[in-house]
Structures are given as C-alpha cells and as structure tokens.
Participant: 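Take this structure, written in structure tokens, and hold onto it; I'll ask about it next.
Ligands are counted one by one from 1 in listed order, and the atoms in each one are counted from 1 as well.
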Amino acid sequence: MKIGIPKEIKNNENRVSLTPGGTFELVKHGHTVYVETQAGKNSGFNDESYVKAGATIFPTAGEVFAAAEMIIKVKEPIESEYKLIRPNQLLFTYFHLAADEELTHAMIDSKAICLAYETVEKDRTLPLLIPMSEVAGRMSIQEGAKYLEKPQGGKGILLGGVPGVKPANVLVLGGGIVGTHAALIAAGSGAHVTIMDISLPRLRYLSEIMPANVDTMMSSQYNIEQILPTMDLIVGAVLIPGAKAPHLITKAMLKLIQPGTVLVDVAIDQGGCFETSHPTTHTEPIYTVDGVLHYCVANIPGAVPMTSTLALTNATLPYAILLADLGWEKACAKCPDLKAGLNVVKGKVTFPAVAEAFGLKCSEVKL
Ligand SMILES: NC(=O)c1ccc[n+]([C@@H]2O[C@H](COP(=O)([O-])OP(=O)(O)OC[C@H]3O[C@@H](n4cnc5c(N)ncnc54)[C@H](O)[C@@H]3O)[C@@H](O)[C@H]2O)c1
C-alpha cells in the first residue's frame, strides 16, 4: 500500500505520525512510504533518517495526499487540508469528531474512510489514548514542581524535601492512567502522595502497586475538603467517559487552599475538574485565582514531542501495519479494535456518538 505522512500543521503540534523505525517496518512489509519534507523535524527525525529507512521524501503535503492510499496523521485535518483528501482514501489519525461539527461535515463530504485513534477499543480500553495519558500524567508533576518554585509564583517548596525537611504533599484526583503516572513520578521524587478515586477496586489495586509514600482515599467532597489545606500540588485526572468532568474543587473551596499551591487540571480537555479552570496553552500555561496557581494546558504531551511521538507510534504502528497489509475492510473485519475506530465511511457517519452529537443518521459498516 502507498502510505503518506504529512507534516502536522496545527498550531503548536510538533509530533509526527510515523518514525523512521515505523517506516522501516512498513517498507519491510512491502509498502511504500511518502513523507513530507521536515515532517519529523520537531520530533528529532530528519529527512535523511526517513530515506535511510526506505521512505521517499515529497516537498509538499499536496503531493503526499495525492499519492497515498492511506494517510497517517496525528491531529485531525484542518481546513487547508480538507481539499487534499480524496474519496476512498483511508485517514488514520485523532479526529475527536463529536466535538467538531464543521470537521464532521468536511469528512462526510470528502467520502474518505476516517478511522479515529480515539475510538479504537481493545478489551474496553482505548489503546491509542493511553500513551498520551501516560505522558500527560508524568508531565503534570514535572510542570507542577516547576510552578511550585517561588520565582514562578508558587509556594517555594521542593517536592522531595531534603533530609530533615518534610517533602511536599501531592493530591491526585482520579487514579486512572493519568493519575497513576502522576502519582508514580511524584512518589519517585520523594513527595507524599494521596490518590483519590471513586472506584474501590481501583484504589485496592493502586494500594497494592504504589510505593509506601502513596496513600489511597475514597474521593468525596468531605474527604477533599479535609485534605485541601495541607496540599502543595493538586492534579486533576478524573474521567467519566462521555461526560464533562465533575467539579471536584469549586471556587468556594479555593479558600481552603494555601496561596502558592499549584493546581494542574489535566482533565481540562473534558471541561476540567476544578470550577475555576479554563484551557491554557504552552505559551501561557498558568494563571492565578485567589493566590492559587492553575495550569490547564489542553495538549500537555505537545511540550515533549520527542517522547510523545515515540509513545504514540509504539501504539499506532501495529494497527497501521495491519491496515496496510490487509486494506481497511479486511483489517477491520479481522480486528474488532480497528472496526471500533471507523467514524465516517465514504460519506456516512458510522460511529453512534458522532451521529448523535449532530443529529445525523448512523449507518452500520458492512465488511
Ligand atoms: N490535558 C491533556 O493534555 C491530557 C492528556 C491526556 C489525557 N487527558 C485527560 O485526562 C483525564 C484522565 O484520563 P485517564 O486516561 O487517566 O482516564 P481514566 O479513565 O484512565 O481514569 C479516570 C479515573 O477517574 C476516576 N474518577 C471518576 N470520577 C471521579 C471522582 N469523582 N473522583 C475521583 N476519581 C474519579 C475513575 O474512576 C478513573 O479511575 C481525561 O479527561 C483525559 O481526556 C488530558
């Protein structure tokens, strides 16, 4: 199959959808890979490394789209890319269509096959979202630690303390993928960590695997209010699938929090789990409300493209190979994980939540 890798052009997106290592694998399977020049630059891969792996470099996105049967991307297509998409072309990327009516209609009009990373499902987990949650969870502590420094506006406290000085107190709300990785990094830095979740089985699991400086607690308004006055860094990492994040810390509760405390709201992409959160960017990541710092960047992994690209492509490559080897119809028939990723097929919406979001008909995919 002919596979195209365009350069990501969405603002501040530095990842690339295929590494030279992934290129090598696809070429080994007999496929042809076209990479737009400089596509991997911000993730640490130059054109030469793709050529060595067997790819052909094209000077423009237009040529990549024109030549490829399957386009692998990271972010959803933006307006300038819509016209490049061809009928029957397979697009394998993040789409988040239910949040974007204009994009949904553009994809319907394109008559392409849109296979969305975020809805590929395996054993009731979302394997192409997990790597980004892992990155964001780990980053939440790195960023939180930075903004706890006095010159950044924070309390001026070192996460791990030093011998003779107590470490910082970190509260992680939500013990899923993001929360687990946040807690591991915070605990590894020597902080005292509390994870709250509403799932008792999850808390049991976490208490078995976490080091001794991590406590688990049932998440409730009462417990959160009790613990807030002694916290230094609070990470919001809750998710209720398909719903807006609940406001676990309201504006009124901010008065329980000491000034200079840092709130990192990773769940901001689902509306945020602090009432006072609003989305920020890597250019201006923080703001302060009642003396409490808020870090609410909606695409945290974008700050570490070298890591994020490798983490994402580790997860996408096996599916990309399957799609290239068999074609999308046979691959989706063989692999139900991939079938769950079909959102729009040749002008028809095939994913119920997308159809529901915009009052459109949902068609069944016949393979
Ligand atoms: N900002 C970013 O760059 C970025 C990156 C990756 C993920 N995210 C977001 O981070 C959030 C968490 O993702 P995840 O992959 O860890 O999800 P997950 O499903 O693995 O974990 C969510 C956890 O929240 C728990 N939970 C639900 N309600 C709760 C409550 N009231 N109190 C405490 N815990 C509660 C659930 O039991 C679950 O364990 C999502 O909103 C996701 O979209 C953001």
Participant: Please indicate whether any nitrogen or oxygen in Asp269 is less than 3.5 Å from any nitrogen or oxygen in ligand 1.
Facilitator: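 Yes; at least one N/O pair falls below 3.5 Å.
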Participant: Please check if any side-chain donor atom of Asn343 sits under 3.5 Å from a side-chain acceptor atom of Thr119, or the reverse.
Facilitator: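 There is such a pair between these side chains.
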Participant: Using the ring of each side chain (for Trp, its six-membered ring), is Phe58 parallel, tilted or perpendicular to Tyr34, with breaks at 30° and 60°?
Facilitator: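 Because their plane-to-plane angle is under 30°, the rings of Phe58 and Tyr34 count as parallel.
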Participant: If we only count N/O pairs under 3.5 Å, is Leu173 in contact with ligand 1?
Facilitator: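 No, there is no polar N/O contact under 3.5 Å.
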Participant: Lys251 vs Val289, test: side-chain contact (heavy atoms from CB on, under 4.5 Å). Steps then yes/no.
Facilitator: CA-CA 9 Å; Lys251 177 151 176 43; Val289 181; 4.1 Å; yes
Participant: Need the ligand 1 atom indices (1-based, order shown) with element for anything under 4.0 Å from a heavy-atom of Asn299.
Facilitator: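 The atoms of ligand 1 under 4.0 Å from a heavy atom of Asn299 are 3 (O).
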Participant: Tell me whether Pro246 has any N or O atom under 3.5 angstrom from an N or O of ligand 1.
Facilitator: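 No - when backbone and side-chain N and O of Pro246 are compared with those of ligand 1, no distance drops under 3.5 Å.
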Participant: Within the 4.0 Å heavy-atom shell around Gly174, which atoms of ligand 1 are there?
Facilitator: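 Selected atoms, number and element: 24 (O), 33 (C), 34 (N).
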Participant: Do any nitrogen or oxygen atoms of Ser133 lie less than 3.5 angstrom from nitrogen or oxygen atoms of ligand 1?
Facilitator: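 Looking only at distances, the answer is yes, because the N/O contact criterion of under 3.5 Å is met.
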Participant: Could you tell me, atom by atom, which parts of ligand 1 come under 4.0 Å of a heavy atom of Ala267?
Facilitator: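 It comes down to these atoms of ligand 1: 41 (O).
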Participant: How long is the span from the CD1 atom in Ile249 to the CG atom in Leu263, to the nearest 0.5 Å?
Facilitator: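 If we round to the nearest 0.5 Å, Ile249:CD1 and Leu263:CG are 5.5 Å apart.
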Participant: What residue and atom, counting heavy atoms only, is the protein's closest point to atom 28 (N) of ligand 1, and at what distance?
Facilitator: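 For atom 28 (N) of ligand 1, the nearest protein heavy atom comes out as Ile198 CD1, 3.3 Å.
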Participant: Taking a cutoff of less than 4.0 Å between a non-hydrogen atom of the residue and any ligand atom, is Val297 in contact with ligand 1?
Facilitator: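 In this structure, Val297 qualifies as a contact of ligand 1 - some heavy atom is under 4.0 Å.
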Participant: Please list, in number order, the atoms of ligand 1 under 4.0 Å from a heavy atom of Gln270.
Facilitator: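 Within the 4.0 Å cut-off of Gln270, ligand 1 contributes 41 (O), 43 (O).
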Participant: Quick one: look up the protein heavy atom nearest atom 3 (O) of ligand 1 and list residue, atom name and how far away it is.
Facilitator: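 That would be Ile300 N, 2.7 Å.
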Participant: Suppose we measure from atom 20 (O) of ligand 1 to each protein heavy atom; which comes out shortest, and what is that distance?
Facilitator: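 Closest protein heavy atom to atom 20 (O) of ligand 1: Ile177 N, 3.0 Å.
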Participant: Using a strict cut-off of 4.0 Å, indicate which atoms of ligand 1 neighbour a heavy atom of Ser219.
Facilitator: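 Near Ser219, the atoms of ligand 1 are 30 (C), 32 (N), 33 (C).
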Participant: List the closest protein heavy-atom neighbour of atom 40 (C) of ligand 1: residue, atom name, distance to the nearest 0.1 Å.
Facilitator: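 The protein heavy atom lying closest is Leu239 CD1, 3.8 Å.
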Participant: Looking at NZ of Lys122 and SG of Cys335, how far apart are the two atoms once the value is rounded to the nearest 0.5 Å?
Facilitator: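 With rounding to 0.5 Å, NZ (Lys122) is 7.0 Å from SG (Cys335).
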Participant: Distance under 4.0 Å to a non-hydrogen atom of Pro301: what atoms of ligand 1 satisfy this?
Facilitator: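 Per the distance check, 3 (O).
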Participant: Short list, please: which atoms of ligand 1 are under 4.0 Å from a heavy atom of Met196?
Facilitator: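 With Met196 as reference, the close atoms of ligand 1 come out as 33 (C), 34 (N).
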Participant: Has the side chain of Thr350 got a donor or acceptor atom that lies under 3.5 Å from a matching backbone atom of Glu364?
Facilitator: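 Checked: no pair found.
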Participant: Among all the protein's non-hydrogen atoms, which is closest to atom 5 (C) of ligand 1, and how far away is it?
Facilitator: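 For atom 5 (C) of ligand 1, the nearest protein heavy atom comes out as Ala136 CB, 3.3 Å.
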Participant: Heavy atom of Ala298 under 4.0 Å from ligand 1?
Facilitator: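 The answer is yes, since Ala298 has a heavy atom less than 4.0 Å from ligand 1.
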Participant: Hey, does the side chain of Asn213 reach the backbone of His192 with a donor-acceptor pair shorter than 3.5 angstrom?
Facilitator: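 Absent.
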Participant: Please check whether Val178 reaches ligand 1 - meaning an N/O of the residue sits under 3.5 Å from an N/O of the ligand, judged on distance alone.
Facilitator: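 It does: an N or O of Val178 is found under 3.5 Å from an N or O of ligand 1.
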Participant: Can you report which non-hydrogen protein atom sits closest to atom 12 (C) of ligand 1, along with the distance?
Facilitator: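 Answer, as residue, atom name and distance: Ala237 O, 3.5 Å.
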Participant: Side chains of Asp47 and Thr37 only: does a donor on one sit below 3.5 Å from an acceptor on the other?
Facilitator: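 Yes.
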Participant: Just checking, is any N or O donor in the side chain of Glu63 or Thr60 under 3.5 Å from an acceptor N or O on the other one?
Facilitator: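 Per modelled atom types, Glu63 and Thr60 side chains form a pair under 3.5 Å.
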Participant: May I ask you to decide if the ring planes of His294 and Phe274 are parallel, tilted or perpendicular, using 30° and 60° as cut-offs?
Facilitator: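 His294 and Phe274: perpendicular rings.
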Participant: Would you call Arg202 and Asp197 a salt bridge, using N to O less than 4.0 angstrom?
Facilitator: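 Salt bridge between Arg202 and Asp197, a charged N being under 4.0 Å from a carboxylate O: no.
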Participant: For ligand 1 and Asp197, I'd like to know whether there is a polar contact (N/O to N/O, distance under 3.5 Å).
Facilitator: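 Yes - when backbone and side-chain N and O of Asp197 are compared with those of ligand 1, one distance drops under 3.5 Å.
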Participant: Check whether any side-chain N or O of Thr288 sits under 3.5 Å from a backbone N or O of Gly291 as a donor-acceptor pair, and report yes or no.
Facilitator: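 Looks like no, no N/O pair under 3.5 Å.
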Participant: Can you check whether Leu248 has an N/O within less than 3.5 Å of an N/O in ligand 1?
Facilitator: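 No, Leu248 has no N/O under 3.5 Å of an N/O on ligand 1.
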Participant: What residue and heavy atom of the protein are closest to atom 21 (O) of ligand 1, and at what distance?
Facilitator: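 Checking every protein heavy atom, the shortest distance to atom 21 (O) of ligand 1 gives Gly176 CA, 3.2 Å.
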Participant: Do any N or O atoms from the side chain of Ser308 and from the backbone of Pro301 form a donor-acceptor pair under 3.5 angstrom?
Facilitator: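 Yes, because the side chain of Ser308 sits within donor-acceptor range (under 3.5 Å) of the backbone of Pro301.
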Participant: Does a sphere of radius 6.0 Å around OH in Tyr205 hold more than 12 heavy atoms from other residues, nucleotides or ligands, not counting ones at 6.0 Å or beyond?
Facilitator: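 Incorrect, the count does not exceed 12.
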Participant: Which residue supplies the protein heavy atom nearest to atom 35 (C) of ligand 1, what is that atom called, and how far is it?
Facilitator: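 Answer, as residue, atom name and distance: Val238 CG1, 3.6 Å.
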